[in-house]
Amino acid sequence: TMLRKSFLNQKFIQNFSLFPAYTVAGCIRQICLLFFITLLTVLSFGNPLEPVEPNQIIPLPRQYSILSSSAVDVGASWKIVADQNNDKDWFSAKYLKDEIMEVSDSNLNLEIVDFSQLPSQKRIIIGNPQDPNISSIVSSYGIDISIDLQNDKHNQGYVLLADPNGILIISDTTTGNFYGVISLNWLLKYDSDNESIVLKNTKITDWPDLEVRGFYGPYYFKFHGQDINTRDDPEEWIEIMAKYKYNLYCGVETAPLPN
């Protein structure tokens with residue numbers, strides 16, 4: 001801000017006007033003035049917000065690809081769609097809604113609707129690809145989950161597709177859909193200028209090596225540099241475990257030292 005003011009204050013403008021424009025020196029100064037004004041105008045608008053890359057997700061998904069340079073802008077008119085009669089997928093939808101609210105500082109409060117109210121675009125679909133309500137949509141993207149997740153031995157895999165017209169999170173199981181939501185949460189980045197979540201046009205296919213992923217330890221410890229007290233704040237600890245796709249924690253009063 002100080003730099004912009006120093007260049008654009010009245011004295012600066014006057015100094016550039018000392019030479020008439022019809023002299024060589026005057027022309028050069030006028031050109032320099034226009035260049036600096038243009039440069040400062042560009043700087044004042046800033047650079048476009050860069051979406052989060054899929055390789056920033058932890059743990060790293062097995063397969064991911066950027067399908068095009070097109071951005072996916074999730075705005076206030078988007079809806080989250082799930083089967084209202086499926087408690088677990090509906091929970092995943094609410095979990096995603098809350099995360100979007102948090103990331104956007106409560107500016108994006110997306111509505112959750114049932115498949116019976118499925119919009120034609122601007123939607124985040126969470127469900128089973130065999131569901132007749134969304135099977136044709138899945139097919140239109142050329143996704144065959146029986147092939148994409150053929151190596152998923154623990155029924156926890158998912159496919160996540162972010163497209164400018166909509167986002168798909170699909171799995172044969174509600175567990176897989178939840179982990180798909182967790183991966184999408186890693187990618188959420190709010191653009192306050194455009195009031196939208198910005199994503200890359202990407203496809204992610206993922207499944208775990210291990211069915212059970214967790215650890216054994218005391219109630220109080222450090223995790224990624226953060227102090228954790230599982231007894232006093234168990235909900236925060238569950239949130240952290242979910243973020244990293246852990247599904248088991250065995251806590252004890254005093255964990256034995258390794259030897």
Side-chain angles (χ1 to χ4, degrees), residues 49 51-62 64 74 76 78 80-82 84 86-112 124 126-127 154-158 160 162 167 169 171 173-192 195-199 204 206-258:
L49 188 69
V52 179
E53 294 283 348
N55 61 8
Q56 298 301 303
I57 298 173
I58 301 174
L60 186 69
R62 288 186 177 272
Y64 58 88
V74 180
W78 281 57
I80 303 173
V81 190
Q84 193 168 5
N86 186 319
D87 292 341
K88 292 184 178 180
D89 278 351
W90 197 255
F91 169 84
S92 293
K94 291 191 290 185
Y95 192 79
L96 176 60
K97 172 189 172 79
D98 290 344
E99 187 69 17
I100 291 174
M101 281 279 285
E102 182 174 345
V103 169
S104 67
D105 293 326
S106 300
N107 289 307
L108 291 180
N109 185 13
L110 302 193
E111 181 184 3
I112 305 175
I124 304 175
I126 302 171
H154 308 300
N155 297 318
Q156 297 181 23
Y158 63 90
L160 166 59
I167 297 173
I169 299 173
S171 174
T173 67
T174 55
T175 302
N177 283 332
F178 178 72
Y179 290 133
V181 166
I182 295 298
S183 288
L184 179 59
N185 287 349
W186 278 90
L187 302 178
L188 299 179
K189 193 172 187 179
Y190 184 62
D191 183 352
S192 57
E195 297 183 339
S196 65
I197 297 288
V198 183
L199 303 165
I204 296 172
D206 194 22
W207 63 89
D209 278 325
L210 302 173
E211 182 176 9
V212 178
R213 301 170 301 280
F215 47 90
Y216 166 87
Y219 286 111
Y220 178 82
F221 56 95
K222 283 189 177 290
F223 184 79
H224 287 264
Q226 182 176 353
D227 290 330
I228 300 295
N229 189 323
T230 61
R231 173 172 286 172
D232 292 346
D233 198 354
E235 290 186 5
E236 180 185 9
W237 176 229
I238 291 172
E239 289 279 354
I240 294 172
M241 288 184 64
K243 179 179 180 179
Y244 294 98
K245 301 186 177 75
Y246 289 114
N247 58 14
L248 175 68
Y249 171 67
C250 181
V252 295
E253 283 288 353
T254 305
L257 296 174

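The minimum heavy-atom distance between I80 and A93, with the atom names listed, is CG2-CB, 3.7 Å. The two atoms that bring N177 and S171 nearest to each other are OD1-N, 3.0 Å, heavy atoms only. A pairwise comparison of heavy atoms in P61 and P54 identifies CD-O, 3.9 Å as the closest pair. Residues Q56 and W186 share a closest heavy-atom pair of O-CE3, 3.5 Å.
Note that the CE atom of M101 and the CG atom of N107 stand 9.0 Å from one another [nearest 0.5 Å]. In this structure, OG1 in T230 is found 11.5 Å from OH in Y220, a value given to the nearest 0.5 Å. Here the CZ-CD distance, from R213 to Q156, works out to 4.5 Å after rounding to the nearest 0.5 Å. Atom CH2 of W207 sits about 5.5 Å away from atom CZ of R62, to the nearest 0.5 Å. For the atom pair CD1 (I57) and CG (N185), the distance works out to 10.0 Å, reported to the nearest 0.5 Å. We find the NZ-CD distance between K243 and E239 to be 10.5 Å, quoted to the nearest 0.5 Å.
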Could you walk me through whether K189 and D191 pass the side-chain contact (heavy atoms from CB on, under 4.5 Å) check? CA-CA 7 Å; K189 193 172 187 179; D191 183 352; over 6 Å; no

side-chain hydrogen bond (donor to acceptor under 3.5 Å, both in side chains) evaluation trace for E102 with Y190: CA-CA 10 Å; E102 182 174 345; Y190 184 62; over 6 Å; no

Quick one, L184 with L199, criterion side-chain contact (heavy atoms from CB on, under 4.5 Å). Give me CA distance, side-chain angles, the key distance, then yes/no. CA-CA 9 Å; L184 179 59; L199 303 165; 4.0 Å; yes

Starting from the C-alpha separation in whole Å, work towards a yes-or-no answer on side-chain contact (heavy atoms from CB on, under 4.5 Å) for V181 and E99. CA-CA 10 Å; V181 166; E99 187 69 17; over 6 Å; no

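The aromatic rings of Y246 and F215 sit perpendicular to each other, their planes meeting at more than 60°, with 30° as the lower class boundary.
The backbone N or O of V198 lies less than 3.5 Å from no partner atom in the side chain of S196, so there is not a single donor-acceptor pair. Side-chain atoms of D89 do not come within 3.5 Å of backbone N or O of G127 as any donor-acceptor pair. Side chain of N247 to backbone of E211: a donor-acceptor contact under 3.5 angstrom is found. W237 contributes no side-chain N or O that, together with a main-chain N or O of D232, makes up a donor-acceptor pair within less than 3.5 Å.
In this structure, the side chains of W78 and I197 stay at 4.5 Å or more apart for every pair of heavy atoms. Counting only heavy atoms from C-beta outward, the side chains of S104 and E195 never approach each other to under 4.5 Å.
A donor-acceptor contact closer than 3.5 angstrom links the side chains of Y158 and D206. With no hydrogens or angles considered, no side-chain donor-acceptor pair links T175 and K88 at under 3.5 Å.
The only option from I112, V81, L110 that meets the side-chain contact (heavy atoms from CB on, under 4.5 Å) definition with I124 turns out to be L110.
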